[in-house]
Protein chains: 2
Amino acid sequence: MVRSSGTKRAILDAALELAATRGITGTTMDDVAERAGVAKGSLYYNFSSKDQLFEALLEEGVGSLADALREARGELVGWAAIEALVAALLDRIAANAALAKLMASEIFRTDRAWQKTLFALRHEALTVFAEAIEQADAAAAASAGTAAPGAGASTIMASSVFGAVLMSGLEWLVFEPERSRDEVAAAILASLSGALAPRPS
Amino acid sequence: MVRSSGTKRAILDAALELAATRGITGTTMDDVAERAGVAKGSLYYNFSSKDQLFEALLEEGVGSLADALREARGELVGWAAIEALVAALLDRIAANAALAKLMASEIFRTDRAWQKTLFALRHEALTVFAEAIEQADAAAAASAGTAAPGAGASTIMASSVFGAVLMSGLEWLVFEPERSRDEVAAAILASLSGALAPRPS
DNA sequence: GTCTATAGAGAGATAGAC
DNA sequence: GTCTATCTCTCTATAGAC
């Protein structure tokens, strides 16, 4: 969030908005310069290359995600922690749909210059979910007197929950924007809370 | 699946493999020609443009998804239908990871030449999930004597379940390939069956 | 620190021989 | 039906004035 002259911010904002619809490779430096209202030379004064510009963009955007999730979780445990994490992630997606789109399209690419950076950030965010899931899983299993079904697979369960929120959040924002935030959050939580499964008596 | 001379198939296969890692925009027609073992002129003999080539690719790949899902669901109802759909989708992702990656990165793009085609195919696949979810939701609610929580929001719940499977499937294939298929399927189903939620007594 | 102008490489697409 | 050769345009990146 270095502000320097404001030019850097304008460039990053323009790059994000363009890349959200065209993708990174489909966004040209000329496009970014025009949208940011600066000359192309200024792009290369502030960022050494196109790759480096988008790496900085992803680092700024995704980098704060894990912190936001940790803050949302706070001291909550069990299902309450899951609810808080889902709501926080959904809010962040809604507040920054462009970044969410970009993340969805870049997260499984393995040929990028910024691959290591993005992998680390993604891993950090997933870990917050995984920790909450391990704890909730064990607690729910203990109270029901059964074995925790997700033992050892909490990173898969974490990506499952993360994917559920990301996909429905974007489905909402891109294709069904008339729905309310609460409606979307409720539907996601319903799908995760066993509303579809038979209740063991 | 028109086979003509085999050249068309070779081109489509090469294009898919390349686009899975580099993205469509990042894949050049020269790359595709080299990988397919044909000259670039043959690409344009079989497909009128790069856009048309990738539209055909997505149509072939995603187009058969809804059929496969409908077949997996069969006559199953309730949670059994959800289990079958999740397993079938996971199997398809595992069998064609390249296409799954491509779909994940293209599904929310709104500036593509083939946008309408992809939207329709995506909608068709989601509808299979939504129908099963509506039915399972109502059944579970009836047997528990509560209101169906997802009433009216089955498309959001469908994308939630779809997103859960897609994201964990790719997490598995790209980052944790040492896990077994059954382990992954179990973790996804656990996250959807309410393993994390407190059981109402 | 920002601009204009341009170099140099790489892209999609076509023409015409075989 | 497949090839080689090439056209034309666009892209990243740099040079140098202000």
Side-chain angles (χ1 to χ4, degrees), chain A residues 1-59 102 105-106 109 111-115 117, chain B residues 1-60 102 105-106 109 111-115 117-118:
Chain A
M1 284 285 190
V2 179
R3 208 153 259 281
S4 41
S5 63
T7 299
K8 221 162 185 164
R9 256 272 59 76
I11 293 169
L12 287 169
D13 290 344
L16 177 57
E17 284 161 44
L18 290 170
T21 48
R22 308 179 191 185
I24 294 178
T25 313
T27 300
T28 72
M29 294 297 262
D30 285 277
D31 292 338
V32 176
E34 187 184 350
R35 177 119 179 191
V38 300
K40 191 159 57 163
S42 295
L43 267 55
Y44 285 93
Y45 177 82
N46 285 281
F47 302 94
S48 61
S49 70
K50 182 184 176 183
D51 278 350
Q52 201 261 311
L53 162 57
F54 280 98
E55 177 163 7
L57 182 60
L58 288 170
E59 192 156 5
L102 201 57
S105 66
E106 289 292 325
R109 295 280 294 272
D111 66 327
R112 295 297 219 185
W114 53 76
Q115 194 191 333
T117 302
Chain B
M1 284 286 192
V2 179
R3 209 153 259 280
S4 39
S5 63
T7 298
K8 221 163 186 164
R9 256 272 60 75
I11 293 170
L12 287 168
D13 290 345
L16 176 57
E17 284 162 44
L18 289 170
T21 49
R22 309 180 190 183
I24 293 177
T25 314
T27 299
T28 73
M29 294 297 263
D30 285 278
D31 292 339
V32 176
E34 187 183 350
R35 177 122 180 188
V38 300
K40 190 157 61 161
S42 295
L43 267 56
Y44 286 93
Y45 177 83
N46 286 281
F47 302 94
S48 62
S49 69
K50 183 184 176 182
D51 278 350
Q52 201 260 313
L53 162 58
F54 280 97
E55 176 163 7
L57 183 60
L58 287 170
E59 193 156 5
E60 177 186 86
L102 200 57
S105 66
E106 289 292 326
R109 296 281 294 272
D111 68 325
R112 295 298 218 183
W114 53 76
Q115 193 192 333
T117 302
L118 188 56

**Message:** For the helix from dG1(C)-dC18(D) to dC18(C)-dG1(D), what angle separates the axis at the start from the axis at the finish, each from five pairs, in steps of 10°?
**Reply:** 0°
**Complete:** Those residues at least two apart in sequence (or on a different chain) that pass side chain to side chain donor-acceptor pair (under 3.5 Å) with Thr117(A) are Glu55(A)
Pull out every protein N or O sitting under 3.5 Å from an N or O of nucleotides 8-10 of chain D, one pair per line with the distance.
none

**Request:** Compare the minimum distances between each of dA13(C), dT2(C), dT12(D) and the side chain of Ser49(B), then state the nucleotide with the smallest one.
**Result:** dA13(C)
**Message:** Looking at every heavy atom in both Trp114(A) and Glu106(A), which two are closest together, and how far apart are they?
**Reply:** CZ2-OE1, 3.7 Å
**Item:** Counterpart residues, salt bridge (Lys or Arg N to Asp or Glu O under 4.0 Å), relative to Asp13(B) (two or more places apart)
**Value:** Arg9(B)
**Complete:** Taken in chain and number order and not counting sequence neighbours, the residues that satisfy side chain to side chain donor-acceptor pair (under 3.5 Å) with Thr25(B) are Arg112(B)
**Asked** Rounded to the nearest 0.5 Å, how far does OG of Ser49(A) lie from CG of Leu43(A)?
**Response** 11.0 Å
**Request:** Not counting sequence neighbours, list each pair that qualifies as a salt bridge (charged side-chain N to carboxylate O under 4.0 Å, His left out) and has a residue in residues 39-50 of chain B.
**Result:** Asp30(B)-Lys40(B)
**Asked** What's the CD1-P distance between Ile24(B) and dA11(C), to the nearest Å?
**Response** 16 Å
**Prompt:** Taking CG from Asp51(A) and C1' from dT12(D), how many angstroms apart are they, rounded to a whole number?
**Reply:** 10 Å
**Prompt:** Just how far is it from atom CD1 of Ile11(B) to atom CE of Met29(B), taken to the nearest 0.5 Å?
**Reply:** 8.0 Å
**Prompt:** Between dC7(D) atom P and Met29(B) atom CE, what is the distance in whole Å?
**Reply:** 20 Å
**Prompt:** Counting any heavy atom closer than 4.0 Å, what does Thr27(B) reach on the DNA or RNA strands: base, sugar-phosphate only, or nothing?
**Reply:** sugar-phosphate
Dump the pairs, protein N or O against N or O of nucleotides 15-18 of chain C, anything under 3.5 Å, distances to one decimal.
none

**Complete:** Minimal heavy-atom distance between Asp51(A) and Ala113(A), with the atoms involved, is OD2-CB, 3.5 Å
**Complete:** When rounded to the nearest 0.5 Å, the distance separating CG of Leu102(A) from OG of Ser105(B) is 11.5 Å
**Request:** Please tell me if the side chains of Leu12(B) and Leu53(B) come closer than 4.5 Å, counting only heavy atoms from C-beta onward.
**Result:** yes
**Message:** Suppose we screen for side chain to side chain donor-acceptor pair (under 3.5 Å). Which residues come up paired with Ser42(B), at least two apart in sequence or across chains?
**Reply:** none
**Asked** What nucleotide, of dA13(C), dT2(D), dA13(D), holds the atom closest to the side chain of Thr7(B)?
**Response** dT2(D)
Quiz: residues 16-24 of chain A side-chain donor-acceptor pairs under 3.5 angstrom, not counting sequence neighbours:
from: Glu17(A); atom 1: OE1; to: Arg35(A); atom 2: NE; distance (Å): 3.3
from: Glu17(A); atom 1: OE1; to: Arg35(A); atom 2: NH2; distance (Å): 2.5
from: Thr21(A); atom 1: OG1; to: Leu18(A); atom 2: O; distance (Å): 3.2
from: Arg22(A); atom 1: NH1; to: Asp31(A); atom 2: OD2; distance (Å): 2.6

**Item:** Close approaches to DNA chain C from residues 31-39 of chain B, in residue order (heavy atom, under 4.0 Å)
**Value:** none
**Request:** Grab the CG-P distance between Asn46(A) and dT2(C) for me, whole Å please.
**Result:** 6 Å
**Request:** Taking only the side-chain heavy atoms of Lys50(A) (C-beta and beyond), determine which of dG12(C), dA13(D), dT2(D) contains the nearest atom.
**Result:** dA13(D)
**Item:** side-chain N/O Tyr44(A) vs dA13(D) OP1/OP2, d < 4.0 Å
**Value:** yes
**Item:** Length of the line joining Phe54(B):CZ and dA13(C):P, which is rounded to integer Å
**Value:** 11 Å
**Prompt:** Just to confirm, is there a sub-4.0 Å distance from OP1 or OP2 of dG1(C) to any side-chain nitrogen or oxygen of Tyr45(A)?
**Reply:** yes
**Complete:** OH (Tyr45(B)) and OG1 (Thr7(B)) are apart, to the nearest 0.5 Å, by 10.0 Å
**Shortest non-hydrogen separation from Ala36(A) to Ala10(A) and the atoms involved** = CB-O, 3.6 Å
**Message:** Around atom CD of Glu34(A), are there more than 12 heavy atoms from other residues, nucleotides or ligands closer than 6.0 Å?
**Reply:** no
**Request:** Could you state the atom-to-atom distance from CZ of Phe47(A) to P of dA13(D) in whole Å?
**Result:** 13 Å
**Item:** Spacing between Asp30(A) atom CG and dT12(D) atom P, to the nearest angstrom
**Value:** 7 Å
**Request:** Taking only heavy atoms on the protein side, list every residue of residues 12-20 of chain A lying under 4.0 Å from any atom of DNA chain D, sorted numerically.
**Result:** none
**Proximal nucleotide (of dG1(D), dG12(C), dC3(C)) relative to the Ser42(A) side chain** = dC3(C)
**Message:** In this structure, how many angstroms lie between the C1' atom of dT6(D) and the NZ atom of Lys40(B), rounded?
**Reply:** 10 Å
